[in-house]
Q: 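Sharing a structure here in structure tokens format.
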There are 2 protein chains.
Amino acid sequence: MRITRKEFVSLSGKVAAAAALSSPLSLRGMNESAESISHSATVKKIHAHIAREKEKHIANVQADLRQPSVSSWDMGMKEMAERMIQSFRALGCKEAELAPTDGIPGIWAFYDAGAPKTLVIYMMYDTQPWVKERWVVDPLSATRMPKPPFREVIVGRGAVNDKGPNRFFLNACESILAVNGKLPVNLMFTCDGEEEQGSPHFHQVLERYASRLKKANAVLTAVPNQDPEGNVVMNLGCKGILEFELEASGARWGKGPQTQPIHSSVKAILDSPVWRLVDALRSMYDPQANRILIEGFYDAIRPPNQEEEAMMAELVRRFGSQLLAPQKKNAKTWMNGWSDAEAMRHFMFDTTMNINGLWAGYTGPGAATIVPEKATVKVDFRLVPNQEVATQRKLVLEHLRKHGFDDLEYRALGGGDEWSETSLHDPLVQSLLAVYRMNHVDPMVRPRSPGSTPEAQYTRNLGLPAVRGGLGHGGNEHVDDEYIVIEGTDKVAGMVEVEQSIVDLLFVYAAS
Amino acid sequence: MRITRKEFVSLSGKVAAAAALSSPLSLRGMNESAESISHSATVKKIHAHIAREKEKHIANVQADLRQPSVSSWDMGMKEMAERMIQSFRALGCKEAELAPTDGIPGIWAFYDAGAPKTLVIYMMYDTQPWVKERWVVDPLSATRMPKPPFREVIVGRGAVNDKGPNRFFLNACESILAVNGKLPVNLMFTCDGEEEQGSPHFHQVLERYASRLKKANAVLTAVPNQDPEGNVVMNLGCKGILEFELEASGARWGKGPQTQPIHSSVKAILDSPVWRLVDALRSMYDPQANRILIEGFYDAIRPPNQEEEAMMAELVRRFGSQLLAPQKKNAKTWMNGWSDAEAMRHFMFDTTMNINGLWAGYTGPGAATIVPEKATVKVDFRLVPNQEVATQRKLVLEHLRKHGFDDLEYRALGGGDEWSETSLHDPLVQSLLAVYRMNHVDPMVRPRSPGSTPEAQYTRNLGLPAVRGGLGHGGNEHVDDEYIVIEGTDKVAGMVEVEQSIVDLLFVYAAS
């Protein structure tokens, strides 16, 4: 039986600590020390301060959301960057500045607590645009309203992705400073103004401060990670991604229609770029065996290590048929007839070759009889350790060349994120796990996200462990009526509890 | 050296007849008798009548074009049918009536000359729609204007496709009647009001009058067939066509995304309908060998017969590298490295499997990482004697079933025209050839069109030879500024000459 938040407050620290110890994934002793830190006099005072300042903290969030910062419209980016820099200065950062890039600038700020440990904080300060008419309120109004089962949320663009959570973090830091005079760890803030554009220049921000960043201990992205039922999935890394378009065209090939479609009767004597693309694709992948046929594509893959195997065993033991519940909403059977447990392994550890989009010729209603002059496909490969984007790209191009398809035009897509990993045993991972468990959330800890993020820019380029997550919930990122929960439920943390858990995390990590 | 139209009028009939005899494809004697008929007193009087009535004939064409008849907009169809019926009655047709179908009605009319020979005349009385703002004049204005190299054309919707040519034919008939009192052949008019919709119900018109039509001698579609340089391609039939869409979907397959696209990371454990479609397509066709892999697909094909071989030899001898000139504008090399002469054979005699269109997933700019829930292709097969649409369709479906692709949804497209053929030795073919040659046009006679038409409804369902063509030129069918030539050049016949050649054709055919 699950212990509710309300019941939890009546339990003694010891019982809660024992309950939280149920998972073999946590380091021995971490949960107990987390409990004692959370119940220390200082932290309790900070918690109380946060509870008292609730209205002011909500107003802070609203003020941020009312300042637009839409990178794709180049709207308010300068003003939002200025707000962020002012906030970092108010916190006591001696350094707080724009970090110029070839695009919208990033931001760098450094808070020196003179502490032994340094956390890098990742923040994005841009948002998606919006279609105002489709929202229940003005996307810039940051309106407080009920949204059952939540008694109160704030609706506004950036509410959860990520301007709301950023302010929760800054509210928490301000509260620590108000009570304690200084933070328990040093903080290096690295902010991206083009996250919604795919972070095309963020690497320039990290390169500019690389020598400083390398001296930090870990990277934290403090964002609400609870689903509406309060559950959390925690990924210790991600897969890499290689994306591109391939286009077969008569013009490049020298065969088939050269400049425009031709009447389909001419197919009797003319090659077709569409058939050529079908042939090239089929040469790279066997759809019935679900196997990539590109020579050497699997060679770099390392088998799951001991830590990953332990995580997998725990996942299967704890979650059973619930493992792939979100994916099951849109699927009947897994590939190759795999069971849920088998599928989960492949979800975590397998490379993929997928067609995102494919088009050629006439695609409207009814008939049109043409030989199209070109055909195009968008492909993505997910990459697992130790497949590198550049190496795997080379294998694709070598395959095309070897099989005589070198007339196909290769057009890169996306940033080409590398795979990333952070050890389960990293102290920041364990600190966040302990904070979750203090709050009776026992996350589904996965060896990695099956998706891709730019996290490797921190983990592999700078050698830093990276952790993303936290209590709290929000939704409708990128779409209408984006919201963040202010008043939670017995399962989902509200703003005050989220800020209190951030305080816990910083103190627990400082003591780890 | 080519003899120009102006020079021709100064030449004696004998010289012209000798010149016209150069082609071995014409039956001996046909050209001489055509010349003598064309120069007979009666026909000369009719020619003169046509020349005198020129302005009235132009006004007749304009009146038809000013009556809209857009089947896809259901605009003016009833009024246009009424005009046609009145015209047939004015000509002396005892029968002239709407021929009801499940769609827009067709028209039937019968002119009984008490003559030994009966021609079926095919006419369509609908037109394409238009985008008025893109025309130089109102598409319903039927404006007379110069259009170099032509001193005068009429611009208007239906000008060439086919309302202008229909009226040329009726003008010619009226002129015969004015001079001669009766036509030299009986005429059965069969008119389609839905040609621009793919003639979905025209077979009902032909079925209704089938017993009458079967007693006719041949079918004529009298349309201008000269290109701007005056050259003519004459096809003695056409290929059949089998068209359909195939759709692979998670929903029908039971594998892959079921109802909508899913995040592409899930490709690690989920099948993809896009890969399935690629696999199914590749199983049906070998793009490198350019060979259809559907079992038995080539079995019904008969080799070219003696008549076709003779035509091919003549084509290669006369036209050499010009054989495929129009196709070459958009092609560099023929399939399998064929020479022009080889390609021409395959163009005439080969079946095809072509992809008209192909689409799945995200096809916009940039990246989108999804596994699409479905993928769709539009395919057309051109069929040659003796491949029947139903038989070849069955082979496709059997192939899909045998190879385990029976979850793919098959959706029929188009009317499924069968191949058609008419012998070179048919009197109507020879009559039209003789008329062309009297006018110093020596057509490129092809065993068949490599494209497809509903002609088999006459040739194979009713057992009638069918001929399409005539002097004259028009252009921009289906697009803006459709026109028909009124005043020709020394190579292209104007309206008066077209009408005179129609008179010649009817008299030559009557005497054949």
Side-chain angles (χ1 to χ4, degrees), chain A residues 239 241 243 254-260 262-272 274-276 278-279 281-282 285 287-288 290 327 330-335 338 343 346-347 350 352 354-363 366-372 375 378 380 382 413-414 450-451, chain B residues 239 241 243 254-260 262-272 274-276 278-279 281-282 285 287-288 290 327 330-335 338 343 346-347 350 352 354-363 366-372 375 378 380 382 413-414 450-451:
Chain A
K239 291 188 186 178
I241 187 164
E243 279 180 276
K255 298 183 182 185
Q258 292 297 297
T259 54
Q260 59 193 65
I262 205 166
H263 193 278
S264 81
S265 63
V266 188
K267 179 63 190 74
I269 57 173
L270 206 59
D271 292 278
S272 161
V274 192
W275 277 123
R276 182 151 185 81
V278 166
D279 200 29
L281 285 170
R282 184 60 185 76
Y285 191 80
Q288 299 199 31
N290 278 307
Q327 290 75 25
N330 193 13
K332 266 189 184 164
T333 52
W334 305 126
M335 215 159 76
W338 290 326
H346 291 282
F347 201 29
D350 280 9
T352 64
N354 177 57
I355 295 176
N356 300 300
L358 178 61
W359 68 102
Y362 178 73
T363 60
T369 42
I370 54 168
V371 182
K378 286 180 198 279
D380 79 293
R382 301 284 170 177
L413 279 182
Chain B
K239 292 189 186 177
I241 186 165
E243 279 180 275
K255 299 184 182 185
Q258 292 297 295
T259 54
Q260 60 193 65
I262 204 165
H263 194 277
S264 80
S265 64
V266 187
K267 180 62 190 75
I269 57 173
L270 206 58
D271 291 278
S272 161
V274 192
W275 277 123
R276 182 150 185 81
V278 166
D279 200 29
L281 285 171
R282 183 62 184 76
Y285 192 80
Q288 299 199 32
N290 278 308
Q327 291 75 26
N330 193 13
K332 267 188 184 163
T333 52
W334 305 127
M335 215 159 78
W338 289 325
H346 291 282
F347 201 29
D350 280 9
T352 64
N354 177 57
I355 296 175
N356 300 302
L358 179 61
W359 67 102
Y362 179 73
T363 61
T369 43
I370 54 167
V371 183
K378 285 180 199 281
D380 79 292
R382 301 283 170 176
L413 278 182

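The structure presented is a predicted model; accordingly, all values stated were derived computationally and were not measured. Residue numbers start from 1 in every chain, and the chains themselves are labelled A, B, ... in the order their sequence lines are given, proteins ahead of strands.
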Q: Of the backbone (N, CA, C, O) and the side chain (C-beta and beyond), which part of R282(A) lies under 4.5 Å from a heavy atom of chain B, both, or neither?
A: both

Q: As an exercise: rank G451(B), G366(B), G256(B), S272(B) by heavy-atom pairs under 4.5 Å with chain A and give me the winner.
A: G366(B)

Q: Counting heavy-atom pairs under 4.5 Å to chain B, which of L358(A), D350(A), L270(A), I262(A) comes out on top?
A: L358(A)

Q: Consider only side-chain N and O atoms of N330(A) and Q260(B), and report whether a donor and an acceptor are under 3.5 Å apart.
A: no

Q: Roughly how far, to the nearest 0.5 Å, is the OG atom of S264(A) from the CG atom of N354(B)?
A: 5.0 Å

Q: Calculate, to the nearest 0.5 Å, the distance between atoms CD1 and OG1 belonging to I269(B) and T333(A) respectively.
A: 10.5 Å

Q: If we define contacts as heavy-atom pairs under 4.5 Å, which of G361(A), A367(A), A268(A), A331(A) has the most with chain B?
A: A268(A)

Q: What part of D380(A) gets closer than 4.5 Å to chain B, counting heavy atoms only: side chain, backbone, both or neither?
A: side chain

Q: Rounded to the nearest 0.5 Å, how far does CH2 of W275(A) lie from CG of L281(B)?
A: 5.0 Å

Q: Working to the nearest 0.5 angstrom, can you tell me the gap between S265(A) OG and R382(B) CZ?
A: 5.5 Å

Q: Where does A368(A) contact chain B at under 4.5 Å (heavy atoms): side chain, backbone, both or neither?
A: backbone

Q: Looking at chain B, which one of I241(A), N290(A), T369(A), V278(A) has the largest number of heavy-atom pairs inside 4.5 Å, strictly under?
A: T369(A)

Q: Under a 4.5 Å heavy-atom cutoff, which of Q327(B), K255(B), Q288(B) has the most pairs with chain A?
A: Q288(B)

Q: Side chain, backbone, both or neither: which part of K378(A) has a heavy atom under 4.5 Å from chain B?
A: side chain

Q: Run the ring-ring contact (aromatic ring centres under 6.0 Å, His included) test against Y362(A) and tell me which residues pass, sequence neighbours left out.
A: none

Q: Which atom names give the shortest non-hydrogen contact between P372(B) and I355(A), and what distance separates them?
A: CD-O, 3.2 Å

Q: Heavy-atom pairs under 4.5 Å with chain A - which of T259(B), T363(B), V371(B) has more of them than the others?
A: T363(B)

Q: Under a 4.5 Å heavy-atom cut-off, does chain B meet the side chain of H263(A), its backbone, both or neither?
A: side chain

Q: Is L413(A) in contact with chain B via its backbone, its side chain, both, or neither, using a 4.5 Å heavy-atom distance?
A: side chain

Q: Heavy-atom distance under 4.5 Å to chain A: side chain of T352(B), backbone, both or neither?
A: side chain

Q: Just to verify, what does W334(A) make a ring-ring contact (aromatic ring centres under 6.0 Å, His included) with, not counting sequence neighbours?
A: none

